[in-house]
Amino acid sequence: MAKDSIYDFLRSLMLPLAEIDKALPKQGVIVDLGCGEGVIAKYLARRKTRKVIGVDNSQKRLQNSTQTNLTFVLGDIRSYRLKALDAIVISDVLHHLSYKDQKKLLVKIASNLKKGGIFVIKEIDAGEFIRSRLSRIWDFAFYPKDKIYYQHSNNLGNFLRSLGFNLKIARASRVFPGSTTLYICQKL
Ligand SMILES: C[S@@+](CC[C@H](N)C(=O)[O-])C[C@H]1O[C@@H](n2cnc3c(N)ncnc32)[C@H](O)[C@@H]1O
């Protein structure tokens, strides 16, 4: 098995892929912000009625796509232009941005999703005492130089509601030793 496929396989065990897929529309344009190696984007693009765009600022992580409904773009999600989207996913990325940049990005997302559009966030919940500390070990192992900014799910949830999202918070992938909180948001 190639190194990329091994990574994809291991990452897919950590991610609540089926839950993310189920929460998202079956067709339309979906942007995966901070897609990394594209494990989520590739899973979502298995449904050909979707057009999936993965954006990441790491050339090293970005992969080539041979699928017509899947594109990977090199870019910084803080300045990447979003417009009239059906759905957006952001998984394990927010905590790599400063609290100020997280807020700015969430405001931008809220104003660029179509009415009724779906926004899925997978994040570490600082309120999960043990799991968030386990996640911090993973982040240190994979991103030793990054400053990390976890949020409490109550604070993030309240902020999302203030931006006009209807919100469901779920704790997925209980087997994984880390915090895997899923925010399924619908633009009102
Ligand atoms: C933990 S990985 C998550 C990858 C993928 N979303 C997943 O769940 O498998 C975090 C990703 O965010 C990307 N990232 C961090 N800050 C970014 C930024 N400002 N613009 C674009 N990508 C960013 C990193 O390059 C990295 O690929």
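None of V55, N57, L94 except one satisfies the side-chain contact (heavy atoms from CB on, under 4.5 Å) rule with I77; the exception is V55. For the side-chain contact (heavy atoms from CB on, under 4.5 Å) with V89, the lone residue among L24, I118, L33 that qualifies is L24.
L182 and L156 are not part of a single hydrophobic cluster, where members link through side-chain heavy atoms under 4.5 Å apart. Linking ILVMFWY side-chain heavy atoms closer than 4.5 Å, directly or via other members, places I40 and I90 in two distinct hydrophobic clusters. The hydrophobic clustering, which links ILVMFWY residues whose side-chain heavy atoms are closer than 4.5 Å, places I20 and V31 apart. Using a 4.5 Å cut-off between side-chain heavy atoms of Ile, Leu, Val, Met, Phe, Trp and Tyr, with links allowed through other members, Y150 and Y143 fall into different hydrophobic clusters. Under a hydrophobic clustering in which Ile, Leu, Val, Met, Phe, Trp and Tyr are joined whenever their side-chain heavy atoms come within less than 4.5 Å, directly or via other members, V73 and I30 fall into different clusters.
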Checking side chain to side chain contact (heavy atoms under 4.5 Å, CB included) for the pair F119/I184: CA distance, chi angles, key distance, verdict? CA-CA 6 Å; F119 175 34; I184 298 171; over 6 Å; no
Run the numbers on Q27 and R47 for side chain to side chain contact (heavy atoms under 4.5 Å, CB included), then give the verdict. CA-CA 8 Å; Q27 55 190 39; R47 209 179 277 273; over 6 Å; no
For R131 and D125, run salt bridge (Lys or Arg N to Asp or Glu O under 4.0 Å): C-alpha distance rounded to whole Å, both residues' side-chain angles, the deciding distance at 0.1 Å, then the answer. CA-CA 8 Å; R131 285 180 178 271; D125 177 3; over 6 Å; no
Before giving the answer on side chain to side chain contact (heavy atoms under 4.5 Å, CB included), spell out for L85 and N112 the whole-Å C-alpha distance, their side-chain angles and the decisive distance to 0.1 Å. CA-CA 6 Å; L85 296 168; N112 286 283; 5.6 Å; no
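Of the charged side-chain nitrogens involved, none lies within less than 4.0 Å of a carboxylate oxygen, so that R133 and E128 do not count as a salt-bridged pair. Ion pairing between D56 and R61 fails under the 4.0 Å rule for side-chain N and carboxylate O. Here D21 pairs with R50 in a salt bridge; the nearest charged N to carboxylate O distance falls below 4.0 Å.
Note: K187 NZ to L160 CG = 12.5 Å, rounded to the nearest 0.5 Å. Atom CG of residue L106 and atom CD of residue Q102 lie 7.0 Å apart, to the nearest 0.5 angstrom. D101 contributes atom CG, which lies 5.0 Å from atom CZ of R78 (distance to the nearest 0.5 angstrom). Here CG of L44 is found 9.5 Å from NZ of K26. Values are rounded to the nearest 0.5 Å. Distance check, rounded to the nearest 0.5 Å: CZ of F72 to CD1 of I53 gives 11.0 Å. To the nearest 0.5 Å, atom CG of residue L15 and atom CG of residue D8 are 10.0 Å apart.
Checked by atom type and distance alone, the side chain of N166 never pairs as donor or acceptor with a backbone atom of Q186 at under 3.5 Å. A donor-acceptor pair is defined here as one N or O able to donate and one able to accept, closer than 3.5 Å; such a pair exists between the side chain of K108 and the backbone of Y80. At distances below 3.5 Å, not a single donor-acceptor pair connects side-chain atoms of E37 with backbone N or O atoms of R11. Not a single donor-acceptor pair under 3.5 Å links the side chain of T180 to the backbone N or O of F176.
Both cation-pi conditions hold for R46 and Y43: the charged atom is under 6.0 angstrom from the six-membered ring centre and inside a 45 degree cone around its axis. Under a cutoff of 6.0 Å and an axis angle of 45°, K122 and Y183 do not form a cation-pi pair.
Looking at every heavy atom in both residues, L62 comes nearest to C35 through CD2-SG, 3.7 Å. The nearest pair of heavy atoms linking S12 to L17 is CB-CD1, 3.6 Å. In terms of heavy-atom proximity, A126 sits nearest to S132 at O-OG, 3.8 Å. Summarising the geometry of H96 relative to D92, their closest heavy-atom pair is CD2-O, 3.3 Å, with the distance given to 0.1 Å. When all heavy atoms are compared, the tightest approach of S179 to I124 is O-CD1, 3.4 Å. Taking both residues in full, the closest heavy atoms of K83 and R81 are given as CD-NH2, 3.9 Å, listed atom of the first, atom of the second, then distance.
Enclosure of atom CG in L10 by more than 12 non-hydrogen atoms of other residues, nucleotides or ligands within 6.0 angstrom is indicated. Summarising the local packing, NZ of K104 is surrounded by 12 or fewer heavy atoms from other residues, nucleotides or ligands at distances under 6.0 Å. Within 6.0 Å of OH on Y99 lie more than 12 heavy atoms contributed by other residues, nucleotides or ligands.
Residues Q151 and F159 are not in side-chain contact: their nearest non-hydrogen atoms beyond the backbone lie 4.5 Å or more apart. When side chains are defined from C-beta on, S153 counts as touching R171, because their heavy atoms get closer than 4.5 Å. Contact check for T71 versus V52: no side-chain heavy atoms found under the 4.5 Å cut-off.
Side-chain contact of E123 with H95: a donor-acceptor pair under 3.5 Å is present, judged by distance alone. Side-chain N/O atoms of Q63 and K42 include a donor and acceptor closer than 3.5 Å.
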